[in-house]
Amino acid sequence: MSGQHQTLGEFIIKNQSAFQYSSGELSSLLNSIRLAAKVVNHEVNKAGLVDIIGAAGDTNIQGEDQQKLDVYANEKFIQTMTKRNIVCGIASEEEDDFIAINSQDKNNGNKYVVLIDPLDGSSNIDVNVSVGTIFSIYRRVTPVGTPVTIDDFLQKGSEQVAAGYVVYGTSTMIVYTTGAGVNGFTLNPAIGSFYLSHPKMTFPEDGHIYSVNEGNYIHFPQGIKNYIKYCQQEEGDRPYTSRYIGSLVSDFHRNMIKGGIYLYPQSSKNPKGKLRLLYECNPIAFLAEQANGKSSDGFTRTLDVQPTELHERVPFICGSKNMVEKAEEFMRNAK
Ligand code: AHG
Ligand code: MN
Ligand code: MN
């Protein structure tokens with residue numbers, strides 16, 4: 001079958017044997033994410049109708065209260081993975097603590113834990129702007145058949161076995177890696193299948209787009225301020241273009257295709273930045289590196305950071321290799 005018509009389901013099966021720990025379990029897990037993504041996509045597409053549908057009494061047909069989309073997405077992803085019994089633990093940006101799934105059952109051989117940002121860019125839902133879902137998959141470090149512990153979740157990003165995102169944009173796409181490059185699949189809504197549309201995605205080494213919330217400029221460290229001024233200078237191929245959606249997934253997706261850099265630095269208001277290491281930065285950094293890009297906090301590679309808590313935040317600079325290296329140079333020089 002030609003790549004042009006290959007579905008995500010077919011691609012997962014075909015590439016299963018290439019995966020070093022191949023047992024079919026990771027394939028089932030990716031398939032369940034694919035399924036949950038379709039369910040959430042359906043709901044995201046109706047977001048503009050919520051006021052109209054809810055007008056009858058703010059309850060849906062089953063009599064449940066209308067839910068906020070980030071809560072809905074959280075429930076759908078957790079439900080799908082729990083019901084299919086294919087992971088031993090889940091941590092979510094929307095949950096205070098991690099969830100253990102039959103992990104103490106001796107007959108339960110599930111090896112993987114999933115960390116998820118079920119709805120990324122949620123401030124954009126009400127205004128019909130692209131949002132996303134981000135996921136990150138690790139092998140547990142504690143023995144199979146014992147309860148999962150926090151250590152299973154607090155692993156360095158370099159230990160990820162797979163990571164990806166769904167972008168609910170003008171088209172809905174799943175983009176993921178299992179450590180052998182990055183591939184993107186676009187949903188054909190008429191059929192309900194994802195098709196391989198973006199094989200072997202890579203960042204251009206250089207780019208002309210910088211993405212940062214410049215409203216926070218006054219609070220940024222001097223190195224970032226200097227780098228932003230550099231982006232705006234008239235010299236060579238500069239000034240660069242500024243593009244900031246406010247959904248990490250969408251900003252990253254655009255920069256990977258066109259070439260660019262995304263920055264969410266520390267600031268005097270948020271000394272560790274805003275983005276979460278485990279649910280946002282690590283999976284995106286894994287994808288970036290797999291696509292020939294780069295990711296750091298300005299000094300340290302994102303994937304080398306040892307997490308100490310589930311909801312930890314970290315400054316984040318990610319994108320085209322040469323652009324990230326230039327920003328790092330400005331950080332070093334401003335020290
Ligand atoms: P979430 O919706 O999961 O809380 O994440 C929002 C994040 C990220 O997607 C985005 O890039 C960033 O927050 C935007 O933050 P600002 O509004 O501070 O720019
Ligand atoms: Mn997010
Ligand atoms: Mn979120």
Side-chain angles (χ1 to χ4, degrees), residues 33 36-37 40-41 43-44 47 67-78 90-99 114-136 157 163-169 173 175 209-221 224-225 228 242-256 260-288 293 295 297 302 307 310-319 324 327:
I33 289 172
V40 171
N41 175 63
E43 203 67 17
V44 167
Q67 288 178 350
K68 281 189 68 188
L69 263 180
D70 37 12
V71 177
Y72 179 88
N74 186 48
E75 278 183 16
K76 285 298 157 209
F77 277 98
I78 291 175
I90 302 172
S92 163
E93 188 190 88
E94 297 294 332
E95 303 283 333
D96 292 345
D97 211 344
F98 63 83
I99 300 167
V114 174
L115 295 94
I116 191 157
D117 176 359
L119 207 85
D120 173 68
S122 41
S123 69
N124 280 325
I125 294 165
D126 293 344
V127 288
N128 208 358
V129 172
S130 298
V131 293
T133 295
I134 310 173
F135 61 90
S136 167
Y165 58 79
V166 187
V167 56
Y168 311 98
M173 283 188 70
V175 175
I209 297 171
Y210 72 104
S211 313
V212 61
N213 185 342
E214 269 180 89
N216 297 326
Y217 183 88
I218 196 76
H219 300 293
F220 287 157
I224 297 291
K225 284 181 176 168
I228 292 174
S242 166
R243 288 282 184 276
Y244 189 72
I245 295 168
S247 298
L248 170 63
V249 163
S250 316
D251 279 311
F252 175 83
H253 185 73
R254 180 205 53 241
N255 289 350
M256 179 161 57
I261 184 170
Y262 178 95
L263 306 102
Y264 210 110
Q266 63 274 53
S267 68
S268 41
K269 275 199 308 195
N270 300 314
K272 291 196 80 182
K274 174 186 181 189
L275 299 182
R276 279 127 304 201
L277 174 61
L278 295 177
Y279 314 111
E280 292 168 320
C281 304
N282 271 340
I284 295 293
F286 187 24
L287 287 159
S295 173
D297 65 0
T302 306
L310 271 184
H311 299 289
E312 182 167 343
R313 295 169 196 266
V314 72
F316 193 54
I317 302 176
C318 180
V324 172

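Order of listing sets the numbers, starting from 1, for every ligand and every atom in it.
Closest approach of Y264 to L275, counting heavy atoms only: CB-CD1, 3.9 Å. A pairwise comparison of heavy atoms in F135 and P283 identifies O-CB, 3.5 Å as the closest pair. Among all heavy-atom pairs drawn from Q266 and P271, the shortest one is CB-O, 3.1 Å.
Side-chain contact check for S92 and N74: at least one donor-acceptor pair (N or O, by modelled atom type) lies under 3.5 Å.
In this structure, the salt bridge (Lys or Arg N to Asp or Glu O under 4.0 Å) partners of R254, at least two apart in sequence or on a different chain, are D251.
When the N, O or S atoms of E280 are ranked by distance to the Mn ion (ligand 2), OE2 comes first.
Between the S211 side chain and the R243 main chain, a donor and an acceptor come within less than 3.5 Å of each other. H311 contributes no side-chain N or O that, together with a main-chain N or O of R276, makes up a donor-acceptor pair within less than 3.5 Å.
Shown are the protein N/O/S atoms under 2.8 Å from the Mn ion (ligand 3), given by residue and atom: E93 OE1, D117 OD1, L119 O.
Taken from CD1 in I209 to OH in Y244, the straight-line distance is 15.0 Å, to the nearest 0.5 Å. With rounding to the nearest 0.5 Å, the separation of CD1 in I317 from OH in Y210 is 14.5 Å.
Closer than 4.0 angstrom to ligand 1 by heavy atom are E93, D117, L119, D120, G121, S122, N213, Y244, G246, S247, L248, Y262, Y264, K274, L275, R276, E280, sorted by chain and number.
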Throw together a table of side-chain donor-acceptor distances under 3.5 angstrom for residues 120-133, partners on residues two or more places apart or in other chains.
from: D120; atom 1: OD2; to: L248; atom 2: N; distance (Å): 3.1
from: D120; atom 1: OD2; to: V249; atom 2: N; distance (Å): 3.1
from: N124; atom 1: ND2; to: I245; atom 2: O; distance (Å): 3.4
from: N124; atom 1: ND2; to: S247; atom 2: OG; distance (Å): 2.8
from: T133; atom 1: OG1; to: P118; atom 2: O; distance (Å): 2.7
from: T133; atom 1: OG1; to: Y168; atom 2: OH; distance (Å): 2.7

